[in-house]
Amino acid sequence: MSEAGEFQIIEQFFTYPSFGAWKSQGVGDDCAIIDTGAGRLAVTCDMTALGTHFFPDADPEDVGYKALAVNLSDLAAAGAVPRAFFLSIGLPRRDDGWLADFSRGLMALAHESGCALLGGDTTRTPEIDGRHAPATISITAMGDLPAGMGLTRSGAQPGDDIWVSGTVGDAYAALMCRWGRWQVMPDAEPRLFARMDRPTPRIALGQALLGAATACADISDGLLADLDHILTRSCVSAEIEWERIPLSPVLSTLTVARQHEAALAGGDDYELIFTAPPAAAERIFEAGLLSNTPVSRIGRILEREETAVVVRTADGLPVAVPSTGYDHFNAEDPE
Ligand code: ADP
Ligand code: MG
């Protein structure tokens, strides 16, 4: 498609300063962080469509789980405690088996994370040429924050370290395997596919980073794309050391070119990428231990330069940066 990209659409048509009694920084962070006067709320809204975010025949239990997980991941990026969500769902037809499985996956994660379903809307998807459009699910999730706290994408400072949780690139590698383009050992597939189908929102880590991290985002579009959101909002640049980027054992078996593609440009990992001053490194390691989440220091924030991010090997050689980030209006369609 040659339309303007997703982010250009948001900037051009949907970015307005916030107004009214509830104060927030407005559009541009993983969550809107709202001062209600009585406390601080983090609110996010993510839409999932079968055929876009999922294969049309995806396991409905996974669809339910992941539809909520991606929203909880945005709450994690703000450091918020998940409290409630609203579910709007458009269905092509009534299929009670599909709905029972979808609801089981959704509510398993809702219970696990203490996030209650408080409302929503249910409708039929539009009919075009005699066929209904596939299911579309929109979730709005809300969490709370201690007074005056909350992580955004805009606080990164030159000299800060750049950190990432868990491992990156697995979800993209799983997608490539599902499409039949890449192959891994058959016994490695289930774990790889689980990273794509059932991502773990880093909720406890996000909360443990409050007051320690200067900026944070979750990795939905790709490590470099989501880091770029932090860099743009914080008006800074960054350098990354390739060997420091945490890869899973299965990703490490792929060619280096595929590792670069998956770890730097692949999306859907739902890990956190965040920044903190070097003096806070002990606190960050502690936050990782407390939340039982591995954390790795992968680079440094620089003063704003012409190039937003450079990736280098430990020997100082430049790594060619693969084209980055998933953009719904500039995307290669899955076959
Ligand atoms: P995320 O990947 O964390 O869900 P996105 O990249 O989808 O965030 O969106 C970037 C920012 O733009 C977010 O602050 C989001 O709330 C905002 N946004 C996206 N779509 C719209 C829209 N249609 N109207 C207003 N704000 C939007
Ligand atoms: Mg996000």
Side-chain angles (χ1 to χ4, degrees), residues 3-20 22-34 40-49 52-54 66-80 82 85-88 113 115 136-143 145 150-156 163-166 168 171-172 196 199-203 205-207 209 213 215-234 265-275 308 324-331:
E3 286 122 294
E6 177 187 343
F7 298 104
Q8 204 193 330
I9 294 176
I10 298 168
E11 198 177 320
Q12 195 174 340
F13 299 107
F14 301 124
T15 301
Y16 296 94
S18 89
F19 54 89
W22 282 20
K23 301 282 176 266
S24 120
Q25 286 198 14
V27 164
D29 287 304
D30 292 281
C31 288
I33 295 177
I34 305 168
R40 259 194 161 189
L41 280 181
V43 183
T44 182
C45 175
D46 258 309
M47 186 144 87
T48 306
T52 302
H53 302 88
F54 288 93
K66 188 167 175 180
L68 182 58
V70 302
N71 281 276
L72 297 185
S73 177
D74 278 333
L75 292 181
F85 72 103
F86 295 77
L87 167 71
S88 296
S113 55
C115 194
T136 304
I137 300 134
S138 172
I139 289 181
T140 300
M142 308 168 80
L145 284 160
L151 303 171
T152 67
R153 295 171 173 175
S154 57
W163 298 76
V164 70
S165 66
V168 287
Y172 180 86
M196 175 167 79
T200 305
R202 299 299 194 181
I203 299 166
L205 176 65
Q207 286 161 40
L209 292 176
C216 186
D218 70 327
I219 302 182
S220 53
D221 298 329
L223 186 147
L224 292 182
D226 288 300
L227 172 61
D228 194 56
H229 295 150
I230 291 180
L231 302 179
T232 305
R233 297 274 289 175
S234 303
D268 244 15
D269 287 314
Y270 300 99
E271 295 295 349
L272 297 183
I273 181 157
F274 53 96
T275 59
T324 56
Y326 190 81
D327 180 327
H328 286 280
F329 291 91
N330 279 319

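Quick note: numbers below take in every heavy atom, side chains included, and nothing from hydrogens, waters or symmetry partners. Ligands are counted one by one from 1 in listed order, and the atoms in each one are counted from 1 as well.
Here the side chains of Phe7 and Asp228 are not in contact, with every heavy-atom distance at 4.5 Å or above. Using a 4.5 Å cut-off on side-chain heavy atoms (C-beta onward), Lys23 and Ser18 make no contact. Residues Asp268 and Lys66 have side chains in contact (heavy-atom distance under 4.5 Å, counting atoms from C-beta outward).
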Margin query: Go through it in stages, so that I can follow the logic: the residues are His53 and Met47, the test is side-chain contact (heavy atoms from CB on, under 4.5 Å), and I'd like the CA-CA distance, side-chain angles, deciding distance and then a yes or no.
Written below: CA-CA 9 Å; His53 302 88; Met47 186 144 87; 5.6 Å; no
Note to self: Under the criterion side-chain contact (heavy atoms from CB on, under 4.5 Å), I'd like the reasoning laid out for Asp218 against Arg202: C-alpha separation, chi angles, the key distance, then a yes or no.
What the structure shows: CA-CA 9 Å; Asp218 70 327; Arg202 299 299 194 181; over 6 Å; no
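Listed by chain and number, the protein N, O or S atoms at a distance under 2.8 Å from the Mg ion (ligand 2) are Asp30 OD1, Asp74 OD1, Asp218 OD1.
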Would you mind listing each N/O atom of ligand 1 next to any protein N/O under 3.5 Å, plus the distance?
unit_1   : atom_1 : unit_2 : atom_2 : d
ligand 1 : 2 (O)  : Ser220 : OG     : 3.3
ligand 1 : 3 (O)  : Asp30  : OD1    : 2.9
ligand 1 : 3 (O)  : Asp74  : OD1    : 2.9
ligand 1 : 3 (O)  : Arg153 : NH2    : 3.4
ligand 1 : 4 (O)  : Asp46  : OD1    : 3.3
ligand 1 : 4 (O)  : Asp46  : OD2    : 3.3
ligand 1 : 4 (O)  : Asp74  : OD2    : 3.2
ligand 1 : 14 (O) : Gly28  : N      : 2.8
ligand 1 : 14 (O) : Asp29  : N      : 3.2
ligand 1 : 14 (O) : Asp29  : O      : 2.6

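Atom CG of residue Asp30 and atom CG of residue Asn71 lie 11.0 Å apart, to the nearest 0.5 angstrom. Rounding to the nearest 0.5 Å places CD of Glu11 at 12.0 Å from CD1 of Ile9. If you take CG on Leu209 and CH2 on Trp163, they are separated by 10.0 Å, rounding to the nearest 0.5 Å. Atom-to-atom distance recorded for Ile34:CD1 and Leu41:CG is 5.5 Å, nearest 0.5 angstrom.
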